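These values consider heavy atoms only, across backbone and side chains, with no hydrogens, waters or symmetry-generated copies. What you see is a predicted model; the values in this text were computed from it and never measured.
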Amino acid sequence: MMKFKSPPVNSLSLDFLTEFSISLEKLENDRACRGVIITSAIPKIFSSGLDITEMCGKSVEHYAEFWRAVQEMWLRLYGSNMVTVAAVNGASPAGGCLIALSCDYRIMAENPKFSIGLNEAQLGIVAPFWFKDTFVNVVGQRIAERALQLGSLYPAPEALKLGLVDELVPEEKLLEKASAVMAQWLALPDHARQITKSMMRKAVLDRLVAHREEDIKYFINFISKESIQKSLRMYMEMLKKKKS
């Protein structure tokens, strides 16, 4: 089991992403480890997504390093040979939603206050093509198209209806259920499951691998625009006001 613990909201900073990728690699290389349950050690929040401070007022070199770390995390998780189960025990916007989408199975706490979705459009940011591809593979083209354009966040019951999560369970039963699902998946021979998973996901993974540098350049150009920097600064101000 891997538990996110980066207070206050498990935002995906460069350090967090690097540690996450290293931890996944270690588990992947451990023959004894066949599956991982991903959850949060912080109440009411799974992950708030990409750390806005990493994308605001930094150097071009920093943006490149940060975006490469985001790519690396996704390539490792989406392409993992292990069984990956997301036990979503709190709010899961943007990058938090991407982590859940990249797992094989998603179980969410049955709490209408917890929401999940790729809400980048609300911040004036465009979800990259590989976020979009991952989303389409889970919920289908039409739902993904509407959700991405509106930057929608869905309360847990609605997320289940759309197929964004596979199951809802009471909060206190979440990890028990995740373990039961893991046992069910691990009852199958690894070899057949791994080849099937690779067959289903290969085209999407290959697309990013082939366009990785292009994607980094696009991100740098986009995030460096004054209009985007301005909207990120406004968003950070709004968060500060909420806190105070």
Side-chain angles (χ1 to χ4, degrees), residues 1-7 10-43 45-50 68-90 92 95-109 116 130-131 133-134 137-138 164-209 212:
M1 190 172 306
M2 191 190 278
K3 288 187 177 184
F4 296 154
K5 194 175 184 183
S6 181
N10 288 337
S11 52
L12 307 178
S13 64
L14 181 55
D15 288 349
F16 183 105
L17 289 162
T18 306
E19 201 172 319
F20 185 24
S21 292
I22 291 168
S23 302
L24 277 176
E25 188 181 14
K26 279 182 185 162
L27 293 176
E28 199 81 53
N29 292 334
D30 180 354
R31 287 263 171 99
C33 180
R34 296 170 59 213
V36 60
I37 293 166
I38 295 172
T39 192
S40 167
I42 295 173
I45 188 92
F46 180 68
S47 166
S48 65
L50 300 183
R68 197 179 294 282
V70 180
Q71 292 176 336
E72 190 61 33
M73 176 276 291
W74 177 77
L75 288 167
R76 285 207 173 278
L77 184 57
Y78 199 63
S80 175
N81 271 324
M82 297 182 288
V83 176
T84 52
V85 175
V88 183
N89 54 340
S92 190
C97 176
L98 180 74
I99 289 173
L101 286 171
S102 302
C103 291
D104 296 313
Y105 200 82
R106 284 160 290 287
I107 307 162
M108 193 166 181
I116 185 169
W130 42 284
F131 281 50
D133 290 344
T134 311
N137 282 357
V138 172
L164 185 49
V165 295
D166 298 301
E167 225 173 315
L168 293 186
V169 295
E171 233 164 310
E172 65 281 4
K173 297 244 169 88
L174 189 65
L175 293 180
E176 188 188 318
K177 183 65 194 181
S179 299
V181 167
M182 181 61 80
Q184 194 185 350
W185 282 61
L186 291 178
L188 297 162
D190 284 339
H191 188 60
R193 180 193 55 74
Q194 286 165 353
I195 290 172
T196 306
K197 179 175 179 175
S198 170
M199 187 168 63
M200 298 298 291
R201 299 187 173 196
K202 191 176 186 307
V204 174
L205 288 159
D206 285 353
R207 197 174 158 206
L208 177 60
V209 171
R212 214 169 161 179

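In this structure, the side chains of K197 and T84 come closer than 4.5 Å at one or more pairs of heavy atoms. Using a 4.5 Å heavy-atom cutoff, the side chains of Y78 and N137 are in contact. Side-chain contact between F46 and N10: absent, with no pair of heavy atoms (C-beta onward) separated by less than 4.5 Å. Side-chain contact between M1 and V36 is absent, with no heavy-atom pair separated by less than 4.5 Å.
Between the CG atom in L168 and the NZ atom in K177 there is a gap of 11.5 Å [rounded to 0.5 Å].
R212 and E72 are joined by a salt bridge, as a carboxylate oxygen and a charged side-chain nitrogen come within less than 4.0 angstrom of each other.
Residue pairs meeting the salt bridge (Lys or Arg N to Asp or Glu O under 4.0 Å) criterion with at least one partner in residues 11-29, sequence neighbours excluded, are E25-R76.
In this structure D133 satisfies the salt bridge (Lys or Arg N to Asp or Glu O under 4.0 Å) test together with R207, sequence neighbours excluded. Residues passing the side chain to side chain donor-acceptor pair (under 3.5 Å) test with S6: none are found, sequence neighbours excluded. T134 pairs by the side chain to side chain donor-acceptor pair (under 3.5 Å) definition with W74, not counting sequence neighbours. Partners of K202 under the side chain to side chain donor-acceptor pair (under 3.5 Å) rule, at least two apart in sequence or in another chain, are D206. Partners of F131 by ring-ring contact (aromatic ring centres under 6.0 Å, His included), not counting sequence neighbours: none found.
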